[in-house]
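Both ligands and their constituent atoms are indexed starting at 1 by order of listing.
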Amino acid sequence: MTRIIGLISGTSVDGIDAALVDISGTDLDLKVELLAGQTYPYPAELRESILAVCAGKAISMAELAELDDAIASSFAQAAENIQTGHQPATLIGSHGQTVYHRPPIKAGGSRGTGESNSLLGYTLQLGRGDLIAHLTGITTVSNFRVADIAIGGHGAPLVPRVDAYLLSHPEEGRCIQNLGGIGNVAYIPPRRDNWLEKMRGWDTGPGNSLLDLAVEHLTNGAKTYDEDGKWAATGSPCQPLVEQWLQQDYFHLPPPKSTGRELFGVDYLNQCLKDAGPYQLSPADFLATLTELTAASIVHSYQTFLPQMPQRVFLCGGGSRNLYLKQRLQSLLKTIPVLTTHEVGLSADFKEAIAFAVLAYWRQLGIPGNLPSATGAPHEVLLGEIHPA
Ligand SMILES: Nc1ncnc2c1ncn2[C@@H]1O[C@H](COP(=O)(O)OP(=O)(O)OP(=O)(O)O)[C@@H](O)[C@H]1O
Ligand SMILES: CC(=O)N[C@H]1[C@@H]2OC[C@@H](O2)[C@@H](O)[C@@H]1O[C@H](C)C(=O)O
């Protein structure tokens with residue numbers, strides 16, 4: 001058994017999710033016990049700087065270096081805090097903070113952002129692992145995405161392989177739907193025959209990113225999200241707008257595929273606001289319409305790209321607390337029950353942090369972490385760079 005800390009700040013940039021876990025086994029016998037989970041909000045100024053860079057602000061190399069180390073220090077502090085009252089951990093898996101993600105393009109294809117001709121993807125997670133290792137005195141694995149990207153994969157999503165071993169079922173096909181800033185799905189067929197090869201995974205598109213940006217816009221920054229989806233629930237979706245927005249290229253791109261705030265960010269929201277102009281929607285109707293787009297884009301992607309629909313859908317990530325979004329997903333999925341991973345014993349809030357603890361553990365054991373059918377990489381590969389303390 002190994003005691004490990006998993007750390008991630010996702011595309012919502014709401015803070016650092018830290019999980020302290022005990023891990024044993026390797027794949028089908030993999031066992032994870034969550035001892036502590038906590039979200040540590042970024043200092044407001046640091047969050048602002050990160051969001052500005054994510055939105056495309058140009059900064060100098062000196063500023064980049066400062067940002068990298070400010071993030072690493074916050075991650076190290078989160079690792080220290082999560083161990084309070086527990087026996088110390090011997091390993092950290094730190095995802096870091098994504099500030100840029102560019103999916104690869106197939107020859108002759110387009111990634112939809114039209115900014116480069118190179119074929120490989122590129123991704124940048126800040127919060128350097130060697131500084132986290134130095135500050136905590138704990139060996140740290142970081143930079144998980146780059147090895148998959150270097151061989152032609154998207155480097156995302158990476159959690160599906162962990163989902164496979166923690167959430168597969170002998171008879172039931174399952175979708176594990178993360179609703180972070182960006183949404184992503186892992187489809188796990190029943191655990192028989194070549195079930196792992198039959199798995200699928202991809203980024204479904206917006207999770208909370210458009211909703212959060214809209215709430216910030218509509219409240220002049222007073223609120224950052226719609227708690228439990230209460231505001232949106234008082235509105236009604238504008239169906240013609242949803243249909244129009246569903247025409248967007250990304251939703252029709254076959255998986256494997258990945259995306260980020262580069263696509264579903266501020267510019268995207270501004271276009272949505274523009275499109276909504278002629279309909280004169282109330283703020284609640286606008287939020288309900290964005291929620292409907294989020295739910296419908298997810299369900300359409302299952303209907304279009306899965307070999308068969310799952311028997312149950314399990315939500316995780318902050319958006320699983322948005323009851324209106326959950327209700328819309330349930331309504332569109334009709335008889336397929338929509339639950340949360342919490343209901344099958346895995347924290348819906350800390351699953352991503354737990355996953356990076358598992359990926360660090362696999363890296364140390366020499367076990368590959370990517371699932372080629374989800375990242376599009378040509379083969380399995382070891383993920384992460386090890387920084388000894
Ligand atoms: N009670 C709640 N009601 C509605 N939405 C919520 C609630 N709690 C959290 N959220 C949403 O969840 C978001 C954070 O989710 P999460 O931490 O899973 O995202 P992330 O890890 O940053 O993203 P990603 O998975 O894309 O990397 C918040 O920005 C907010 O929109
Ligand atoms: C580049 C990047 O940080 N991608 C994130 C993002 O947030 C959700 C979705 O887009 C997913 O692809 C990924 O994170 C999770 C942890 C993953 O790799 O599975």
- Query: Among protein heavy atoms, which lies nearest atom 22 (O) of ligand 1, and at what distance?
  - Reply: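 Looking at atom 22 (O) of ligand 1, the protein heavy atom closest to it is S12 N, 2.9 Å.
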- Message: For atom 5 (N) of ligand 1, what's the nearest protein heavy-atom neighbour? Residue, atom name and distance, please.
- Response: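 The protein heavy atom lying closest is Y225 CD1, 3.6 Å.
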- Message: To the nearest 0.5 Å, what is the distance between SG on C272 and CG on L293?
- Response: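 Between atom SG of C272 and atom CG of L293 there are 7.0 Å.
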- Task: Return yes if a side-chain donor-acceptor contact under 3.5 Å exists between R145 and H95, otherwise no.
- Result: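 Yes, a side-chain donor-acceptor pair sits under 3.5 Å.
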- Hey, is G207 one of the residues with a heavy atom under 4.0 angstrom from ligand 1?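 So G207 does not count as touching ligand 1.
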- Which heavy atom of the protein is the closest neighbour of atom 26 (O) of ligand 1, given with residue, atom name and distance?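 Protein heavy atom at minimum distance: T11 OG1, 2.3 Å.
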- Query: When rounded to the nearest 0.5 angstrom, what is the spacing between CG in D14 and OH in Y40?
  - Reply: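 The distance works out to 14.0 Å.
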- Query: Has ligand 1 got any nitrogen or oxygen that is less than 3.5 angstrom from a nitrogen or oxygen of I8?
  - Reply: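 N/O-N/O distance below 3.5 Å does not exist for this pair.
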- Query: To the nearest 0.1 Å, how far is atom 23 (O) of ligand 1 from its closest protein heavy atom, and which atom is that?
  - Reply: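 Scanning the protein heavy atoms, the shortest distance from atom 23 (O) of ligand 1 goes to G181 N, 2.9 Å.
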- Message: Can you tell me which portion of N178 lies within the under-4.0 Å heavy-atom range of ligand 1? Options are side chain, backbone, both, or neither.
- Response: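 Within the 4.0 Å criterion, N178 contacts ligand 1 through side-chain atoms alone.
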Show the short N or O contacts, below 3.5 Å, that ligand 2 makes with protein N or O atoms; if there are none, say 'none'.
from	atom 1	to	atom 2	distance (Å)
ligand 2	3 (O)	T98	OG1	2.6
ligand 2	3 (O)	R145	NH2	3.4
ligand 2	12 (O)	D203	OD1	2.7
ligand 2	12 (O)	D203	OD2	3.1
ligand 2	14 (O)	R145	NH2	3.1
ligand 2	18 (O)	R145	NH1	2.8
ligand 2	18 (O)	R145	NH2	3.1
ligand 2	18 (O)	L158	N	2.8
ligand 2	19 (O)	L158	N	3.0
ligand 2	19 (O)	V159	N	2.9

- Taking only heavy atoms of G319 into account, list the atoms of ligand 1 that are under 4.0 Å away from them.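 Counting atoms of ligand 1 from 1, those under 4.0 Å from G319 are 12 (O).
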- Task: May I ask you to test the P256-W202 pair for a side-chain heavy-atom distance under 4.5 Å?
- Result: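 Contact flag for P256/W202 side chains = no.
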- Any idea which atoms of ligand 1 are less than 4.0 Å away from a heavy-atom of G317?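 Result: 18 (O).
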- Item | Parallel, tilted or perpendicular, as decided by the 30° and 60° cut-offs, for the rings of Y100 and Y122 |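 Y122 vs Y100 ring planes: tilted.
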- Euclidean distance, L196 CG relative to R191 CZ, rounded to 0.5 Å: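 Atom-to-atom, R191:CZ and L196:CG are 11.5 Å apart.
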- Task: Given salt bridge (Lys or Arg N to Asp or Glu O under 4.0 Å), test R102 with E262 step by step and report yes or no.
- Result: CA-CA 8 Å; R102 186 189 75 189; E262 293 76 12; over 6 Å; no
- Please determine if S9 has a nitrogen or oxygen closer than 3.5 Å to a nitrogen or oxygen of ligand 1.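 Between S9 and ligand 1, no N or O pair is found under 3.5 Å apart.
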- Message: As an exercise, state the distance from CG of L179 to OG of S209, rounded to the nearest 0.5 Å.
- Response: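 L179 atom CG to S209 atom OG measures 11.0 Å (nearest 0.5 Å).
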- Item | Side-chain donor-acceptor contact under 3.5 Å, N81 with Q77 |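 There is such a pair between these side chains.
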- Message: If the condition is side-chain contact (heavy atoms from CB on, under 4.5 Å), which residues does V266 pass it with, not counting sequence neighbours?
- Response: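 If we apply the side-chain contact (heavy atoms from CB on, under 4.5 Å) test to V266, skipping adjacent residues, the hits are L213, N270.
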- Identity and separation of the nearest protein heavy atom to atom 17 (O) of ligand 1: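 Here the nearest protein heavy atom works out to D14 OD2, 3.6 Å.
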- Task: Assess K257 against Y250: is NZ or CZ under 6.0 Å from the centre of the six-membered ring, and within 45 degrees of the ring's axis?
- Result: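 That pair qualifies as a cation-pi contact.
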- Query: Are the aromatic ring centres of Y302 and F251 under 6.0 angstrom apart?
  - Reply: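 Distance test on ring centres: not under 6.0 Å, no.
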- Query: Looking only at protein heavy atoms, which one is nearest to atom 31 (O) of ligand 1, and how far off is it?
  - Reply: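 The answer is D212 OD1, 2.6 Å.
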- Message: Using a 4.0 Å cut-off to any heavy atom of E227, which atoms of ligand 1 qualify?
- Response: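 Near E227, the atoms of ligand 1 are 3 (N).
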- Item | Shortest protein heavy-atom distance from atom 1 (N) of ligand 1, along with the residue and atom involved |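 Here the nearest protein heavy atom works out to D228 OD1, 3.1 Å.
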- Nearest neighbour in protein (non-hydrogen) for atom 18 (O) of ligand 1: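 Atom 18 (O) of ligand 1 sits closest to the protein heavy atom G318 N, 2.8 Å.
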- Message: Could you tell me if the side chain of L126 sits less than 4.5 Å from the side chain of L64, heavy atoms only?
- Response: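 The answer is yes, as the side chains (C-beta and beyond) meet within the 4.5 Å cut-off.
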